[in-house]
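A short write-up of the structure that comes next.
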Amino acid sequence: MPRIHRMMAVLPLYALVACGPDSSGPARTMAVSSEAQFAFAHSEWSTPVNVGAPVNSTDGEMNAALSPDELSLYLTSNRAGGLGLTDIWVSHRACGDCPWQTPVNLGAPINSTGQDAGPRLSIDGHLLFFQSDRPGGAGGGDIYLTRRNNPNDNFGWGPLVRLGSDVNTSATENAAYYLQSAEGGAGNLYFNRATPTNAGDFYYAPIKRDGETRGPATYVTELNDPLATDQHATIRKDGREMFFSSNRAGGLGSFDIWTSTRRSVHEPWSAPVAIGTPVNTVFSDQQPSLTSDGRTLVFTSNRPGGLGGNDLWISTRTVNGH
């Protein structure tokens, strides 16, 4: 099966980037170093490759996320052996060039009899965010957090914490992305909110590592299209480049992957642009996940050449771009 450098999560539930505190000296130092670190950012994406079995199956695989060491792949699937409609599974490999092992169900309490999906790991590997429509939530779907002491133990997750009312509401919240390192102070959680009048918009809320919010969520005006469903954002770790899926006008298929950038974490996002072929097709291409080094994009698609209705695919870009 093809070599996979990394991946991230997928399923119609979504997340995003940040805005930060002051922009004094240290922030400018970070911006200069990240400019050099991510010089490849404008290079072209390779033709996507299907991740293959045993990760993909004849069922649906979505919402994938690689662990920071890229040896574990967290994904959402409705394959046999789960507890509910969709469950979170994890596949492991012994080394970066080793084959992926058969995914294992994370079990309770992370999985329930409902829809559990959209796993996202913090950069240090100690936190896992996901969404669930299990009983006891505030709305149609809520965002939960769990922690582990050992970032290499895929089954060492602790009790669940449902995020508070600054994030979870009577609407549906999902696809959390925790931007932890690009800004001062506590991290920002980016997520998607679906209401009866709009199927998906981006928000972010400042949160602490224990899941406690520091204020109400902010609507990300420059990224949301009121006539479209915008969802599942993934952000480069310096907070200056993001990708998301949308069915807005200008794409090739029912859902396409779009990108937006900003010069610093203190500025608004640029007008989103569809990344085009070969990543986007006339089929549904969505739920992108960008690896921490910014070189690999994992997403779900129902394009031909897969094993099931939705499969995980991977595309990479070169180190030196223009």
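Below, each value reflects all heavy atoms present in this structure, side chains not excepted, and no hydrogens, waters or symmetry copies. Numbering of residues begins at 1 and proceeds along the displayed sequence.
- The shortest non-hydrogen separation linking P119 to A65 is O-CB, 3.3 Å.
- Remark: side-chain polar atoms of T58 are not paired, donor with acceptor, to backbone N or O of L307 under 3.5 angstrom.
- Using a 4.5 Å heavy-atom cutoff, the side chains of S301 and F299 are in contact.
- Taking 4.5 Å as the limit, every side-chain heavy atom of Q115 sits out of range of all side-chain heavy atoms of T76.
- Side-chain contact, S132 with D116: a donor N or O sits under 3.5 Å from an acceptor N or O.
- Within the 3.5 Å criterion, the main-chain N or O of N280 finds no donor-acceptor partner in the side chain of D285.
- Hydrophobic cluster membership of F283, counting Ile, Leu, Val, Met, Phe, Trp and Tyr whose side-chain heavy atoms lie under 4.5 Å apart directly or via other members: V282.
- Following chains of ILVMFWY side-chain contacts shorter than 4.5 Å, one cannot reach L71 starting from W100, and the two form parts of different hydrophobic clusters.
- A donor-acceptor pair under 3.5 Å is absent between the side-chain atoms of T146 and the main chain of L160, judged by distance alone.
- Here the side chains of E222 and F202 are not in contact, with every heavy-atom distance at 4.5 Å or above.
- The minimum heavy-atom distance between W89 and N105, with the atom names listed, is CE3-N, 3.2 Å.
- Here the side chains of N154 and R148 are in contact, with some heavy-atom distance below 4.5 Å.
- Annotation: the span from L179 atom CG to S122 atom OG amounts to 12.0 Å, rounded to 0.5 Å.
- The 12-atom threshold is exceeded at CG of D210, counting heavy atoms of other residues, nucleotides or ligands nearer than 6.0 Å.
- Between atom OG1 of residue T296 and atom CG of residue L290 there is a gap of 8.0 Å, rounded to the nearest 0.5 Å.
- The closest donor-acceptor contact from the side chain of S72 to the backbone of H92 lies at 3.5 Å or more, if one exists at all.
- Here the side chain of N224 pairs no donor or acceptor atom with the backbone of D201 at under 3.5 angstrom.
- Using modelled atom types, no side-chain atom of R303 and backbone atom of G306 make a donor-acceptor pair closer than 3.5 Å.
- Among N50, T300, N302, the one residue that satisfies the side-chain hydrogen bond (donor to acceptor under 3.5 Å, both in side chains) test with D311 is N50.
- In this structure, CH2 on W45 lies 7.0 Å from CD1 on I275, to the nearest 0.5 angstrom.
- Side-chain contact between L127 and L145 is present, with at least one heavy-atom pair separated by less than 4.5 Å.
- Between the N56 side chain and the L312 main chain, a donor and an acceptor come within less than 3.5 Å of each other.
- T277 contributes atom OG1, which lies 9.0 Å from atom CD of E44 (distance to the nearest 0.5 angstrom).
- With respect to the salt-bridge test (charged N to carboxylate O, under 4.0 angstrom), the residues R236 and D238 qualify.
- The main-chain N or O of T261 is found under 3.5 Å from a side-chain atom of S270 such that the two form a donor-acceptor pair.
- In this structure, the side chains of V90 and L106 come closer than 4.5 Å at one or more pairs of heavy atoms.
- Taking all atoms of both residues into account, the shortest heavy-atom contact from T172 to G140 is OG1-CA, 3.4 Å.
- Legend: ring-ring contact (aromatic ring centres under 6.0 Å, His included) pairs involving residues 136-159, not counting sequence neighbours, sorted by first then second residue: F130-Y144.
- When all heavy atoms are compared, the tightest approach of W269 to S260 is CB-OG, 3.2 Å.
- Using a 4.5 Å heavy-atom cutoff, the side chains of F129 and I207 are in contact.
- Here the CG atom belonging to N174 is positioned 10.5 Å from the CZ atom belonging to R193, to the nearest 0.5 angstrom.
- By the rule that hydrophobic residues join a cluster once side-chain heavy atoms approach within less than 4.5 Å of another member, L85 and I143 end up as members of separate clusters.
- Ring geometry for Y203 versus Y219: interplanar angle over 60°, hence perpendicular rather than tilted (30 to 60°).
- A199 and T229 get closest at one heavy-atom pair: CB-OG1, 3.1 Å.
- Checking Q286 against S284 by side-chain atom types alone, a donor-acceptor pair falls below 3.5 Å.
- The shortest non-hydrogen separation linking C98 to R93 is O-CD, 3.6 Å.
- Considering OG1 of T259 and CE of M242, their distance stands at 7.5 Å, rounded to 0.5 Å.
- Residues D124 and P151 have side chains not in contact (no heavy-atom distance under 4.5 Å, counting atoms from C-beta outward).
- Counting only residues at least two apart or on different chains, no disulfide bond (SG atoms under 2.5 Å apart) pair has a member in residues 240-275.
- In terms of modelled atom types and a separation under 3.5 Å, the side chain of R79 and the main chain of E61 share no donor-acceptor contact.
- In this structure, the side chain of S46 does not engage the main chain of R317 through any donor-acceptor pair within 3.5 Å.
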